[in-house]
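First comes the structure, then the notes that go with it.
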Amino acid sequence: MRFGDVVLAGIGVTIPEEVWSSDAIEQQLEPLYSRLRLPEGRLGLMSGIDERRAWEPGTMPSGPSIRSGLASIDAASIDRADVGALIHASVCRDFLEPATASRVHHEMGLRSDCWVYDVSNACLGVLNGAVQIAGMISAGMIRAGVVVGTENSRPLLEATIESLNGDESLTRKSVKPAFASLTIGSGSCAWLLCHRDLCPDGTPIEFAIAEANTSFHHLCRSNQDTAGADMRPLMDTDSETLMAEGIATGVSALNRLVSESNWQRDSFDRTVCHQVGTRHRAAMLEAMGLPTENDSITYPVLGNTGSVALPLTVAAAIDRGELNEGDRTALLGIGSGINSVMIASKWGRTPVSGQWSGLLDSREDCRPPAPALR
């Protein structure tokens, strides 16, 4: 897809204050660690994730999504009467029915002729929603739209810890598929996109591509279709194969993005990838031929926040001064399924607003290394 007049005008963020460190999770897993004689510190060492956040018990995704959605409108300085679409795009949602977007739309006070619905595509939901809104703007259906998501890691973390401690049949080998579940974090992010006429200085969404490799749809899946604050999901993830095939899918997608945009790999000033962990990031960037020093991260302090991981990292990169006006930028989304969505843009001015709660501090482990002196 090529978009001529669509811009990312504002980003809204809501981050929970409760912190779950990797060390604290391992302390809760003491029965498992003792029985299998697992070394302490392996969770943080293997993932590069020091901590992740969790919403208060009973939090419904729509609550933070409302706050993030309103913050995106405030950041963009757009009249909410101009918003013609509201898409809720996270894995987590309030109920199986109705769409979580319904409550978010109502509480945000948006107009009655909005397009209001949910989109779900694992870690790619918000990017998918952004591309859909861009398409509606380009088609003249709407002038502006908000895509928002809120991921809630608490139920998955609690259920995984309980399951691992209670299953005495587990071995060092059989416990591995549950490891990825312990890296998941909570967060909320909204993107407001609009026609360039409403925000001339916004960041243009110039190119977007999708790549599907769905023969590997079975590599990461939950045990059931659940929603709401009382859900107790479990995940089964073949992390090794998922990483290898996900990277292969990402390389293929980047090749298409480079071809479609007529940009060269070495012309990208900034990249933002889906946030999984240290090993995944290093292997993916190496396979793509992209330098790590130009890539922004948040996983050390937020973990893998699913559909909002890449959008939140974009927000952090803006606030830290890593992503600046004029930068040629590649947003490299990859999700289980396996699917990839990537967006290329010459960055403009996209302000960020909302409740950060420490996301945008100056922690060195969330900053790329300084370029080597020549």
Side-chain angles (χ1 to χ4, degrees), residues 1-11 72 76 84-85 87 89-90 115 117 119-149 189-196 199 202-214 246 249-265 267-275 284 288 290 295-296 306-315 317-318 323 327-335 337-348 350:
M1 292 293 297
R2 294 170 179 261
F3 302 105
D5 293 303
V6 180
V7 299
L8 175 59
I11 299 176
S72 72
I87 300 176
S90 51
W115 295 86
Y117 59 92
V119 165
S120 180
N121 189 20
C123 296
L124 292 175
V126 171
L127 289 184
N128 280 126
V131 173
Q132 289 185 11
I133 289 173
M136 285 191 271
I137 294 171
S138 292
M141 296 169 60
I142 61 174
R143 297 280 286 165
V146 173
V147 56
V148 61
C189 191
W191 282 8
L192 185 143
L193 296 94
C194 68
H195 194 279
R196 189 190 297 272
C199 186
T203 298
I205 304 298
E206 298 182 61
F207 310 97
I209 64 97
E211 182 83 9
N213 195 358
T214 54
T249 304
V251 169
S252 179
L254 181 61
N255 288 339
R256 288 187 48 219
L257 186 69
V258 169
S259 175
E260 291 290 334
S261 64
N262 291 320
W263 293 357
Q264 302 300 315
R265 274 176 170 74
S267 69
F268 288 117
D269 301 300
R270 176 61 45 183
T271 61
V272 180
C273 304
H274 174 54
Q275 303 292 292
M284 181 169 63
M288 291 179 175
L290 298 170
D295 186 64
S296 295
S307 68
V308 298
L310 188 152
L312 283 173
T313 307
V314 169
I318 294 170
L323 184 51
D327 285 349
R328 286 193 171 188
T329 307
L331 308 183
L332 311 174
I334 301 175
I338 295 171
N339 292 293
S340 178
V341 173
M342 295 186 177
I343 295 173
S345 175
K346 188 173 182 180
W347 211 255
T350 301

Side chains of V119 and V147 in contact at under 4.5 Å (non-hydrogen atoms): no
Partner residues of S90 under the side-chain hydrogen bond (donor to acceptor under 3.5 Å, both in side chains) criterion, sequence neighbours left out: none
Test item: L127 and V131 side chains (from C-beta on) under 4.5 Å apart, heavy atoms: no
Heavy-atom closest contact (A122 atom, S307 atom, distance): O-CB, 3.6 Å
Validation row: W191, I87 side chains within 4.5 angstrom (heavy atoms): no
E260 side, atom CD; M342 side, atom CE - distance, nearest 0.5 Å: 13.5 Å
Stepwise side chain to side chain contact (heavy atoms under 4.5 Å, CB included) test for L254 and L290: CA-CA 10 Å; L254 181 61; L290 298 170; 3.9 Å; yes
Test side-chain hydrogen bond (donor to acceptor under 3.5 Å, both in side chains) applied to T271 - qualifying residues, sequence neighbours left out: D295
CH2 (W263) with more than 12 external heavy atoms under 6.0 Å: yes
Closest approach of A76 to L192 (non-hydrogen atoms, all atoms of both residues): CB-CD2, 4.0 Å
Polar side-chain atom of R196 near backbone of V7 as donor-acceptor pair, under 3.5 Å: no
V146 versus A190, closest heavy-atom pair with distance: CG1-CB, 4.2 Å
Side-chain touch R265/N255, heavy atoms, less than 4.5 angstrom: yes
Pairing residues for S120 by the side-chain contact (heavy atoms from CB on, under 4.5 Å) criterion, not counting sequence neighbours: none
Those residues that, when tested against T350, pass side-chain hydrogen bond (donor to acceptor under 3.5 Å, both in side chains) (two or more places apart): T203
Inter-residue atom distance S296.OG - L310.CG, 0.5 Å rounding: 10.0 Å
From CA spacing to verdict: side chain to side chain contact (heavy atoms under 4.5 Å, CB included), I334, M284: CA-CA 10 Å; I334 301 175; M284 181 169 63; 3.4 Å; yes
Rounded distance [0.5 Å steps], CD1 in I205 versus SG in C194: 10.5 Å
Flag side-chain contact, heavy atom, 4.5 Å: W347 against V314: yes
Euclidean distance, L257 CG relative to N262 CG, rounded to 0.5 Å: 10.5 Å
Rounded distance [0.5 Å steps], CD1 in I343 versus CG in L331: 5.5 Å
Determine all donor-acceptor pairs shorter than 3.5 Å in which one atom belongs to a side chain in residues 206-214; sequence neighbours excluded.
{"from": "E206", "atom 1": "OE2", "to": "K346", "atom 2": "N", "distance (Å)": "2.7"}
{"from": "E211", "atom 1": "OE1", "to": "R256", "atom 2": "NH1", "distance (Å)": "3.0"}
{"from": "E211", "atom 1": "OE2", "to": "S252", "atom 2": "OG", "distance (Å)": "2.9"}
{"from": "N213", "atom 1": "OD1", "to": "S215", "atom 2": "OG", "distance (Å)": "3.4"}
{"from": "N213", "atom 1": "ND2", "to": "T249", "atom 2": "OG1", "distance (Å)": "3.3"}

Indicate every side-chain donor-acceptor pair of residues 132-142 with a distance under 3.5 Å to a residue at least two apart or in another chain.
{"from": "Q132", "atom 1": "OE1", "to": "Y117", "atom 2": "OH", "distance (Å)": "2.7"}
{"from": "S138", "atom 1": "OG", "to": "A134", "atom 2": "O", "distance (Å)": "3.1"}

Min side-chain heavy-atom separation Q275-L312 under 4.5 Å: no
Residue pair P311 / V126: nearest heavy atoms and the distance that separates them: CG-CG1, 3.6 Å
